[in-house]
Number of protein chains: 2
Amino acid sequence: MHFNIFRMRIKKDIISCRTCVYRQLLFGDLNDIEYGLINEGRTEMLFKRGETIKHEGEAIQSFLYLRSGLVKLYKTDKTGKDHILSINKPGDFVSLLSIFSGNTYRYSITAIEDTLVCDVNLEVLKYLVSTNGNLSLRLLNRMSKTSDEIIDNQFELAQKQVKGRVAHLLLFFANQIYRKNSFNLPLTRREIGELISITTENTIRTLSEFRKDGIIDMDGRKLMILDKDRLDIINKGG
Amino acid sequence: MHFNIFRMRIKKDIISCRTCVYRQLLFGDLNDIEYGLINEGRTEMLFKRGETIKHEGEAIQSFLYLRSGLVKLYKTDKTGKDHILSINKPGDFVSLLSIFSGNTYRYSITAIEDTLVCDVNLEVLKYLVSTNGNLSLRLLNRMSKTSDEIIDNQFELAQKQVKGRVAHLLLFFANQIYRKNSFNLPLTRREIGELISITTENTIRTLSEFRKDGIIDMDGRKLMILDKDRLDIINKGG
DNA sequence: TTTTATATATGCTATAAATCATTTAAATTT
DNA sequence: AAATTTAAATGATTTATAGCATATATAAAA
C-alpha cells in the first residue's frame, strides 16, 4: 500500500502537442482545430519516484499519457498486498483501460522513476473519438494491444516457476524497457514479487543465486546481465 | 489441445439483425443503411459442444458474436496445456479482443455447449466504426469491460488457493451464467483446472470434499449447490 | 547525528499443491 | 457389442515455494 504525499509540480504548456514526439503515435493525423482542443486545458505534471499519480477508485477527470519516466499500474487486495498489472513507459496511455468503461480508476498508478505526465480533458477525447473515425480505430487498436500485453504476460507467468519468472522480469527490463544489459532496477525486490507473483524472499534468493552463478551482477539497484543466453534458457524453462 | 472436426451447419438469414435481441445491446441505434450493411453477407453458424470455432493464430475475416450457447476462450502453451482466459455467454462479442489489434486470433474459441454464432464481415464493422462515433464509444466501452473481466478474474484468483478457486468457479456458474443453484457443469474437471489454474486432480478432490461436507451435490456433470453461504465464505478465503 | 523504518539477505521449517500411481466409470469408436 | 479412449476418483509421495525468524544494510525521519 502506498500513502505517498502528492508533491507534483505543474508545468503548464511547456511543450505544445504540436511539437510533442508522441503526438503522431498517439493521435495520428489531427487537424488544427482538434489539436487546439487537446492543448486547451492540458497540463503537464511531474511526479517523483514513489509518488502516486492516481489511486484505484479515484474519479476519472482526464486522460493521461506518459511523456517520460516509468510507472506501475497495480491493484491492492483485501489483505493490503499490491498486485502489479503492468509497467508503463513513455508513449503509453496509462488511463486507457479505465476511461471508457467507468468513471473511476480500476487500478492505482505510481511513478517508479521520475515521471512527466500529460493530463488532458477527457470530454475532449470523447468528443474527438465520436467525430474522428481514424482516431476511434487507433484507440481500439491501442486498447486491444494494452489488454493483450497484460493477458499475455499472465499467460507467460502461469507457465513458469520462480527462476523462470525472475529471468523473464530481467529480460523484460533489459529488452523492452532499457534496451541495454546494464540498468538500475526501478522496482524493489518486493515490487518485483508483486509483478511476477512470488514472495519477496524468493525474489531476493533467486537474484542472489543468479549472481552466484555468474548470470548477473548486482550492487543494490544497479544490475548487469552477464549471461543473457543462460537467462533466456532459464526463462524458457531450462 | 483440441483437434475437433468442424461440423458446423450454416443457417443463413434465419433471423435478421432487425429482430435480433442483441441488436440494441451490441450496436446501439443504427440506421437502416447501417443495418443493411451488417446483414449483408452475414451468416449464422451452429457448433456442437466440443467443436472449435476459431483456432489461435487463424486469420480474422469476420467478427463474431454469440447468439446462444457457451464458449471458452483459451490459449495453448508449448507443452500443449490449455489455459482458459474466459467463458463467454450469449451477447458476448467473442472476437472483440482480437479484431482491432492484429489479423489473427490471439486465442482459440471452442463451444462448451451447443452454440449459435453470428459471423459478420469485419470490413463492414470497421467502416461503421469509422463513420459512427456512438458505435466507436460503445465498442471502446465493451472492449474495456471485456478486458477488465479477464484482468479482475486473474486478480481474484491470484489471492485464492485451491478451495477458494473452486468455490469461486462454482459461484461464477451459479450467479453469472445459469442464475440458479442447480445446473450441468459445461466444463470437465480438467477444463475447470485450466480456468482456475489448478491440476485436474485437485479439482476432483476439492469437489469431492465439498460434497462430503454437504456444500454441493453432484452426479457426473449435474451439480447442485446446497450451501451457498459456506461456498461464499470459502470463496472469500474462510 | 541519532533514531526509526524499510530493504536486502539467508537459513530453517511448514505446507499447499503438484506429481505419480492405480482404479473405476463413462463416453466414443470400431 | 466389444474395444478403446477419455473422464472421474483417491491414495501416497515429492517438491516447490510460502512462511517465519533473524541479521545486516540502507534510506528516511526526528
Side-chain angles (χ1 to χ4, degrees), chain A residues 1-5 7 48-51 77 79-83 110 112 157-167 184-213 216-223 234 237, chain B residues 1-5 7 48-51 77 79-83 110 112 157-167 169 184-213 216-223 234 237-238:
Chain A
M1 267 180 301
H2 296 261
F3 302 101
N4 298 307
I5 301 130
R7 281 176 306 186
K48 285 220 140 334
R49 182 189 144 72
E51 290 178 334
D77 69 24
T79 73
K81 200 172 147 20
D82 287 347
H83 299 250
T110 292
I112 57 174
L157 287 179
Q159 300 167 54
K160 295 179 203 302
Q161 39 200 38
V162 167
K163 283 179 203 172
R165 291 183 190 195
V166 175
N184 288 313
L185 269 174
L187 300 175
T188 63
R189 309 295 193 256
R190 166 137 73 115
E191 287 172 314
I192 292 173
E194 291 167 356
L195 179 54
I196 62 178
S197 297
I198 62 173
T199 56
T200 306
E201 292 95 321
N202 271 332
T203 307
I204 292 166
R205 250 188 284 270
T206 306
L207 286 173
S208 298
E209 195 185 323
F210 285 175
R211 175 171 44 194
K212 276 174 209 137
D213 294 348
I216 60 171
D217 198 13
M218 291 189 295
D219 181 24
R221 287 290 173 86
K222 179 115 193 74
L223 194 135
I234 294 167
Chain B
M1 268 180 300
H2 295 263
F3 301 101
N4 298 307
I5 301 131
R7 281 177 306 188
K48 286 221 139 330
R49 183 189 145 72
E51 290 177 335
D77 70 23
T79 72
K81 203 172 142 23
D82 287 345
H83 299 251
T110 292
I112 56 174
L157 287 179
Q159 300 166 55
K160 296 180 203 298
Q161 37 200 39
V162 167
K163 281 179 203 172
R165 291 182 189 194
V166 175
L169 181 279
N184 287 312
L185 270 173
L187 300 176
T188 63
R189 309 296 194 255
R190 166 138 73 117
E191 288 173 313
I192 292 173
E194 291 167 356
L195 179 54
I196 62 179
S197 298
I198 61 172
T199 55
T200 308
E201 293 95 321
N202 271 332
T203 307
I204 292 166
R205 253 188 281 270
T206 307
L207 286 172
S208 298
E209 195 185 324
F210 284 176
R211 176 170 45 195
K212 277 175 206 134
D213 294 349
I216 61 170
D217 198 12
M218 289 189 296
D219 181 23
R221 288 288 173 85
K222 181 116 193 71
L223 193 137
I234 294 167

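Values below: all heavy atoms of this structure, side chains included; hydrogens, waters and symmetry mates excluded.
- Using a 4.5 Å heavy-atom cutoff, the side chains of B:D217 and B:R211 are in contact.
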* Which parts of nucleotides 24-30 of chain D does protein reach within less than 4.0 Å, heavy atoms only, written one letter per nucleotide 5' to 3' as B for base, S for sugar-phosphate only and - for none? -> -------
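- The side-chain contact (heavy atoms from CB on, under 4.5 Å) search around B:I204 returns B:R189, B:T200, B:S208, not counting sequence neighbours.
- For the pair B:K160 NZ and D:dA18 P, the interatomic distance rounds to 18 Å; values are reported in whole Å.
- Here CG of A:D82 is found 11.5 Å from CG of A:L195. Values are rounded to the nearest 0.5 Å.
- Computed from C1' positions of five pairs at each end, the angle between the two local axes of the helix from C:dT1-D:dA30 to C:dT30-D:dA1 equals 50°, rounded to 10 degrees.
- For the pair A:V166/A:I192, no side-chain contact is recorded, criterion being any heavy-atom separation below 4.5 Å from C-beta on.
- B:R205 meets the side-chain hydrogen bond (donor to acceptor under 3.5 Å, both in side chains) test with B:N202; sequence neighbours excluded.
- Under the 3.5 Å distance criterion, the side-chain polar atoms of B:S197 are left unmatched by any main-chain donor or acceptor of B:G193.
- Every residue two or more places apart in sequence or in another chain was checked for a side-chain hydrogen bond (donor to acceptor under 3.5 Å, both in side chains) with A:D213, and none qualifies.
- The span of DNA chain C lying next to chain A, judged by atoms under 4.0 Å from heavy atoms, is bounded 5' to 3' by C:dA7 to C:dC12.
- Considering CD1 of B:I198 and CG of B:L169, their distance stands at 8.0 Å, rounded to 0.5 Å.
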Below 3.5 Å between N/O atoms, which protein atoms pair up with nucleotides 8-10 of chain D? Just atom names and distances, please.
from, atom 1, to, atom 2, distance (Å)
D:dA8, OP2, B:R189, N, 2.9
D:dA9, OP2, B:R189, NE, 3.2
D:dA9, OP2, B:R189, NH2, 3.2
D:dT10, OP2, B:S208, OG, 2.8

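- Legend: residues meeting side-chain hydrogen bond (donor to acceptor under 3.5 Å, both in side chains) with B:Q159, ordered by chain and number and at least two apart, are A:K78.
- A donor-acceptor pair under 3.5 Å links the side-chain atoms of A:R165 to the main chain of A:K160, judged by distance alone.
- Checked against side-chain hydrogen bond (donor to acceptor under 3.5 Å, both in side chains), B:E209 has the following partners two or more places apart in sequence or in another chain: B:K163.
- In this structure, OG1 in A:T203 is found 11.0 Å from CD in A:E191, a value given to the nearest 0.5 Å.
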